[in-house]
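First up is the structure itself, then whatever we jot down about it.
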Amino acid sequence: MTPQMVEIEPGTIMNFWVPKQIINKKAQNQTQKWKKPNKPAVVFAHPFAADGILMWFFQMVAFAGNYAVYVPDFLFFGDSTTTAAERSPEFQAECLAKGLSKLGVERCTVVGMSYGGMVAFKMAALHPELVEAVVVSSTVIELTESITMAALAKIGCSSWPEFLLPESVEGFKFLFSVGTHKLPWLPHFVYSNFFEVYDNYLSPRTILFV
């Protein structure tokens, strides 16, 4: 698999990890075009706490033999950016659908976790002709106020930014402890290194809560 930057619309670019087999060689100054996948397409949609490659690397390796695997970075994650004012999961879903269409995907199964699951549900509702099936974990169809209040009370935080945008290594460790099943012991320097990378993306992601 290899990363590809796809222009969704002027000012909006999404990074996708895609099968190498779909890439057409282009002449200089030509627009990149992609071949249709020759295997069933599976799209892995990442949670808020990680980008695509960090979250789904092992699944990418496991599924690549029998499926055409696509792993996007949502806007404000990885190398995906936009100048648009829209910030909603619906906008993420629309951009994801447009990107997949440009990559030649006509039908796919979407696997989503947490935030990625919400985007997957939105894309299935908006584009039933594209989404054949949805597989999700640790997510909801719609993040209502009542669900938000109950979830925040359970984890002991006053807001989603407090939980999802930690300002310290300890806060990052807490995020991992809540979001990971049977989290193994890891030395402090591992969390420190992860937090250093994660912290670089905190500022752009804060606008997702505006």
Side-chain angles (χ1 to χ4, degrees), residues 1-84 86-120 122-124 126-127 129-136 197-198 200-201 204-205 207-208:
M1 297 186 67
T2 185
Q4 292 286 288
M5 302 298 289
V6 180
E7 184 180 41
I8 308 302
E9 57 189 36
T12 301
I13 297 175
M14 288 189 81
N15 179 60
F16 287 79
W17 287 85
V18 305
K20 289 183 178 180
Q21 294 83 354
I22 73 164
I23 299 175
N24 272 322
K25 291 184 178 180
K26 65 173 182 176
Q28 189 174 7
N29 299 324
Q30 283 189 339
T31 301
Q32 176 70 64
K33 294 184 178 180
W34 296 272
K35 304 174 186 176
K36 294 179 181 179
N38 57 8
K39 293 183 285 189
V42 175
V43 179
F44 287 97
H46 64 79
F48 197 93
D51 61 16
I53 191 70
L54 178 60
M55 177 65 214
W56 297 115
F57 176 77
F58 294 107
Q59 288 78 10
M60 289 165 60
V61 174
F63 279 76
N66 296 317
Y67 296 89
V69 176
Y70 296 80
V71 182
D73 288 331
F74 292 135
L75 299 173
F76 307 107
F77 295 81
D79 293 321
S80 298
T81 62
T82 184
T83 57
E86 181 63 68
R87 300 288 181 261
S88 67
E90 289 88 350
F91 182 62
Q92 297 274 18
E94 285 288 5
C95 290
L96 178 55
K98 290 177 182 178
L100 290 169
S101 177
K102 290 192 174 190
L103 289 167
V105 178
E106 297 177 344
R107 198 78 169 144
C108 64
T109 295
V110 187
V111 180
M113 181 178 179
S114 189
Y115 183 72
M118 289 193 291
V119 175
K122 296 295 183 185
M123 191 167 76
L126 293 167
H127 296 280
E129 77 289 348
L130 172 63
V131 181
E132 181 175 9
V134 172
V135 181
V136 297
V197 175
Y198 190 76
N200 291 332
Y201 295 99
R205 291 179 194 174
I207 60 178
L208 291 173

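Values below: all heavy atoms of this structure, side chains included; hydrogens, waters and symmetry mates excluded. Numbers here simply count residues along the sequence, with the first being 1.
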Inset, instruction - Could you give me the CA-CA distance, side-chain angles and deciding distance for V6 and W34, then say whether side-chain contact (heavy atoms from CB on, under 4.5 Å) is met? - result: CA-CA 10 Å; V6 180; W34 296 272; 4.0 Å; yes
Inset, instruction - Go through V71 and V69 one step at a time and tell me if the side-chain contact (heavy atoms from CB on, under 4.5 Å) criterion holds. - result: CA-CA 7 Å; V71 182; V69 176; 3.9 Å; yes
Legend entry - Steps toward side-chain contact (heavy atoms from CB on, under 4.5 Å) verdict (L75, M14): CA-CA 7 Å; L75 299 173; M14 288 189 81; 3.7 Å; yes
Inset, instruction - Carefully, step by step, assess K36 and E106 under the rule side-chain contact (heavy atoms from CB on, under 4.5 Å). - result: CA-CA 8 Å; K36 294 179 181 179; E106 297 177 344; 2.7 Å; yes
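With contacts defined as side-chain heavy-atom distances shorter than 4.5 Å, the pair Y70/V42 does not qualify. F76 is listed as a side-chain neighbour of T82, based on a closest heavy-atom distance under 4.5 Å. Residues P40 and T109 form no side-chain contact, since every pair of their non-hydrogen atoms from C-beta on lies 4.5 Å or further apart. Annotation: side chain of M123 is in contact with side chain of L130 (closest heavy-atom distance under 4.5 Å). W56 has its side chain out of reach of W17: every pair of non-hydrogen atoms, C-beta onward, lies at least 4.5 Å apart. Side-chain contact between M1 and M60 is present, with at least one heavy-atom pair separated by less than 4.5 Å. The shortest distance between side-chain heavy atoms of L103 and I22 falls below 4.5 Å.
Side chain of K35 to backbone of G104: no donor-acceptor contact under 3.5 angstrom is found. Side-chain atoms of E129 do not come within 3.5 Å of backbone N or O of V131 as any donor-acceptor pair.
Counting only residues at least two apart or in different chains, salt bridge (Lys or Arg N to Asp or Glu O under 4.0 Å) contacts with residues 91-100 comprise E9-K98.
With ring centers used as reference points, F74 lies under 6.0 Å from Y115.
Expressed to the nearest 0.5 Å, how far CZ of F77 lies from CG of L54 amounts to 11.5 Å. Rounded to the nearest 0.5 angstrom, M5 CE and S80 OG are separated by 6.0 Å. With rounding to the nearest 0.5 Å, the separation of CG in L100 from CZ in R107 is 13.0 Å. A distance of 12.0 Å separates CD in E90 from SG in C95, rounded to the nearest 0.5 Å.
T2 pairs by the side chain to side chain contact (heavy atoms under 4.5 Å, CB included) definition with Q4, V18, K20, I23, not counting sequence neighbours. For E132, the salt bridge (Lys or Arg N to Asp or Glu O under 4.0 Å) criterion is met by no residue, not counting sequence neighbours.
With F16 as the partner, the side chain to side chain contact (heavy atoms under 4.5 Å, CB included) test is satisfied by one option alone out of V43, D73, L96: L96.
Considering all non-hydrogen atoms of both residues, T83 and P10 come closest at OG1-O, 4.5 Å.
Surrounding CZ of F91 are more than 12 heavy atoms belonging to other residues, nucleotides or ligands, all under 6.0 Å away. Summarising the local packing, NZ of K39 is surrounded by more than 12 heavy atoms from other residues, nucleotides or ligands at distances under 6.0 Å.
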